[in-house]
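Everything on this sheet refers to the single structure shown next.
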Amino acid sequence: MSAPIGPTDSSRVPRFAGPATFARLPRLDQVDHAGIAVVGVPFDTGVSYRPGARFGPSSIREASRLLRPYNPGLDVSPFAEVQVADGGDIAVNPFSIGDAVETIQEAATGFARAGTRLVTLGGDHTIALPLLRALHAQHGPIAMLHFDAHLDTWDTYFGEPYTHGTPFRRAVEEGILDTEAISHVGTRGPLYGKKDLEDDRRFGFGIVTSADVMRKGVDEITDALRQRIGNRPLYVSVDIDVLDPAHAPGTGTPEAGGLTSRELLEILRGLSSCNLVGADVVEVAPAYDHAQITATAASHVAYDLVSVLALNKGA
Ligand SMILES: N=C(N)NCCCC(=O)O
Ligand SMILES: [Zn+2]
Ligand SMILES: [Zn+2]
């Protein structure tokens, strides 16, 4: 098999020239087959507060122009290991959440059947449910690490079951997740009541709060998470609001007291031996961003997730 087509060489074509694909990678239609695709889902009809995550994918792609091909944090050149391509955006209906959820599931199922693993750029957190459904059909129950200020295991908003605050309650109800190995990381902030935590525990989630990360440190936290996951198929969902608003102001439901981007990236790198089967980076809303702070963080998160997938060729 021929070597993967890599990103446009920034020493020949300035990185600020031309249309933005993720990390200046080829588009999916420019390669025979991609083992990994970065795909956008410009959908934000599921939000409960500030809208704008529909512009997340394009803002992350813009910020990703500066990424370079070698990842020293993981000692890997991800784009040389596997063909990685930008799969463009899934064209979702902004006026119907149900229709959008179906479209996302169909598109993700198509990628799974083609043997292409996804790092999905949201979009609001609603999109995690159809992405998980598609992976469940392929792998059975999935272990999950959910990086987020919020639990996202609430029941409904205004009677609506598919929203950005409810995807993981639906996923547990549908039997999609391996409830022996699911955990929130970076949780913090006010809740509606103590019952939120009781419900969440009943569903099987472990919680590593943002204060836990500060007190115990990244290595101890990551060891414990790795042990819980073992070699189960793992999905990683990163809501960018897991970061402190100082590190990610451009998001719809910011909460004070979050992780630093350094902590988040180090925890993700600590998952390099795990059997990662898919990941998302959601809730980037560039209208509230400044100087691409959030989009830059999200582009690095996506890059490290692609790197972990590239290291785990055994999928
Ligand atoms: N998934 C995110 N970002 N936020 C959920 C917030 C739900 C609420 O309005 O209480
Ligand atoms: Zn959140
Ligand atoms: Zn969320």
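Numbers for residues simply follow the sequence, beginning at 1. Scope of the values below: all heavy atoms of this structure, side chains included, with no hydrogens, waters or symmetry mates. Both ligands and their constituent atoms are indexed starting at 1 by order of listing.
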Report the residues that fulfil ring pair (Phe, Tyr, Trp, His ring centres under 6.0 Å) with Tyr235, sequence neighbours left out, ordered by chain and then residue number. none
Answer yes or no: is there an ion pair linking Lys195 with Asp155, defined by an N-O contact shorter than 4.0 Å? no
For a 4.5 angstrom cut-off between non-hydrogen side-chain atoms, does Pro26 reach Val31? yes
Please give the N or O to N or O pairs under 3.5 Å between ligand 1 and the protein, distances rounded to 0.1 Å.
residue, atom, partner, partner atom, Å
ligand 1, 1 (N), Asp152, OD1, 3.1
ligand 1, 1 (N), Asp152, OD2, 3.0
ligand 1, 1 (N), His164, O, 2.9
ligand 1, 1 (N), Asp239, OD2, 3.4
ligand 1, 3 (N), Asp239, OD2, 2.9
ligand 1, 3 (N), Asp241, OD2, 2.9
ligand 1, 3 (N), Thr253, OG1, 3.1
ligand 1, 4 (N), His150, ND1, 3.4
ligand 1, 4 (N), Thr253, OG1, 3.2
ligand 1, 9 (O), Ser48, OG, 2.5
ligand 1, 10 (O), Tyr157, OH, 3.1
ligand 1, 10 (O), Tyr192, OH, 2.4

Give the minimum heavy-atom separation between Phe43 and Val92, together with the two atoms involved. CB-CG2, 3.7 Å
Salt bridge or not between Arg201 and Glu198? Use side-chain N to carboxylate O under 4.0 Å. no
Side-chain heavy atoms under 4.5 Å apart, restricted to Ile/Leu/Val/Met/Phe/Trp/Tyr: what other residues fall into the cluster of Tyr157, or is it alone? Leu151, Trp154, Phe158, Leu191, Tyr192, Leu197, Ile207
Might you point out which heavy atoms bring Ala256 and Arg188 nearest each other, and give the distance in Å? O-NE, 3.0 Å
So, Asp86 and Arg27, do they make that salt bridge, N to O below 4.0 Å? no
Protein N/O/S atoms under 2.8 Å of the Zn ion (ligand 2)? Asp148 OD1, His150 ND1, Asp239 OD2, Asp241 OD1, Asp241 OD2
Could you tell me whether Arg169 and Asp199 have a side-chain N and a carboxylate O separated by less than 4.0 Å? yes
